[in-house]
Amino acid sequence: MYALVDGNNFYVSCERVFRPSLVGRPVVVLSNNDGCAIARSNEAKALGVRMGHPWFECRQLEEQHGLVALSANFALYGDMSDRMMAVAASYAPRQEIYSIDESFLDFSGVRGDLVAQCREMRTRILDWAGIPCGVGLGPTKTLAKLANHIAKTAERKPGSYPKELAQVCHLGAMQTSELEALMAATEVGEVWGVGPRIGFQLVNAGVKTVLDLARLDPVAVRRRFSVVLEKTVRELQGTPCIELDDAPAPKQQIMCSRSFGHPITRGFDLATAVTEFTSRVAEKLRAQESAAGALVVFIRTSPFRPDDPQYSGSTTVPLIRPTADTSELVASALAGLRRIYRKGFRYAKAGVMLIEFQPRGRVQCELDLGTETGIPDEGVAATRDKSKLMAAVDSVNRRYGRGSLILASAGLEGAQRPWSMKQERRTPNYTTVWSEMPIVRA
DNA sequence: TCTGGGGTCCTAGGACCC
DNA sequence: TCTGGGGTCCTAGGACCC
């Protein structure tokens, strides 16, 4: 039996832990650059704020209804996530951390009343981490996801589902008739794996509810749609097709991209941004002990400014020898940037993606054919020295905070970083920076 | 004025191999 | 009219997830 544990309105809940005055009020958390709403409290949802709703379109709700908007504080959310995941992990032999606010638990071999245990877990997460959760149980991951949806909706919208299913819902422990009634009351688009496109096609074909989907013939679904949707149908029928993945493979690509706080025209400013983004991906690359064989750089103007001349450039830069060294990666990224940069455009976004990974320490070297590469061969010993340097940089930045040690080409002063994000409403890093720790006065 | 940032998997089609 | 029969690898694009 699987459970899905999911934090309610997670980013908003994290903020409310340290600002209890926000409880009961409409709150949204905004994306980078305070662009659009990426988390909404129930009260904000009730005001009609959509997921991804641009802030400039709903900001009038600030005055009209006291909507509170906060800039995203991902350092805080990541730390709160760790706390929540740790409590959940203590209730089952295996856990898959599926996203920042969700984990699957595998209760195989666990005896006793699972609903009671999940209720206790939910209470403990609320007490210890301060995060309210919904828990869904089912014999497959897709059914656990569906159960979680029912648990949260039953709590948020009284009357939508039987109220005893609120907070914790177990689809694996009920009569078929009861399960089918719940499926018939749920739209097909709520199913994990059914997105807007497939959902539209299904509804057009008369498959409107989860029950309609669960009753389709998996073989026919595979023919007409795909093997992916076939698995979804089988999982709804109770046959596990998607395994719990508690040891995710290393990533195959690592990306860092951002929209700028202001439009950028100068190549120099793009270069500081590309340096910073490359430093970030290089750090992540080293954390998973990989080396990259190539990287992609891209820059583009804003599609939301149709009156501006539009340009989008991207290029793949192969690396002579796979590396995880920040300075080598940055040199290649900047070489790529020089190739794609065009004068006279107002750039809105840039990004760097690392690809073609190999495990570090097992790096394929090149055959020296005496060709003029222009790159001096420093040999394996030099590579080893550099990896020590990188390890030192990473450990300094872990200890003293990101950005303590950087490449100078990332820009040392604010004036050299005009692209930096707009974050006018960010809350303190309550749990990760000593100087920002909240102080309680008795 | 103002519109996020990361990922994965599957499929179809083309190039190429013997 | 009729043009072999298998394969692999790579890429682009589309769909999904949070």
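What you see is a predicted model, and the numbers here were worked out from it, not measured in a lab. Letters A, B, ... are given to chains in the order of the sequence lines, protein chains preceding strands, and every chain is numbered from 1.
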For this session: Within residues 183-216 of chain A, find the residues that approach DNA chain C with a heavy atom at under 4.0 Å, and present them sorted by residue number.
Result: A:V191, A:W192, A:G193, A:V194, A:G195, A:P196, A:R197, A:I198

Run the salt bridge (Lys or Arg N to Asp or Glu O under 4.0 Å) test against [X] and tell me which residues pass, sequence neighbours left out.
X      : value
A:R398 : none
A:R300 : none
A:E57  : none

Residues [X] and [Y] bridged, charged N to O under 4.0 Å:
X      : Y      : answer
A:K141 : A:E102 : no
A:R266 : A:D269 : yes
A:R215 : A:E180 : yes
A:E230 : A:R234 : yes

For this session: Might you confirm whether atom CZ of A:R224 has over 12 heavy atoms from other residues, nucleotides or ligands at distances under 6.0 Å?
Result: no

Exercise. So what does A:R258 touch, heavy atoms closer than 4.0 Å: a base, only the sugar-phosphate, or nothing?
Worked result: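 Since only primed, P, OP1 and OP2 atoms lie under 4.0 Å of A:R258, the category is sugar-phosphate.
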
For this session: Give one of base, sugar-phosphate or nothing for A:D34, where a contact means two heavy atoms less than 4.0 Å apart.
Result: nothing

Exercise. Chain A on DNA chain B: first and last contacting nucleotide, 5' to 3', under 4.0 Å to a heavy atom?
Worked result: B:dT1 to B:dT11

Exercise. In which ranges does DNA chain C form stems of 3 or more consecutive Watson-Crick or G-U pairs, distances under 3.5 Å?
Worked result: B:5-18 with C:5-18

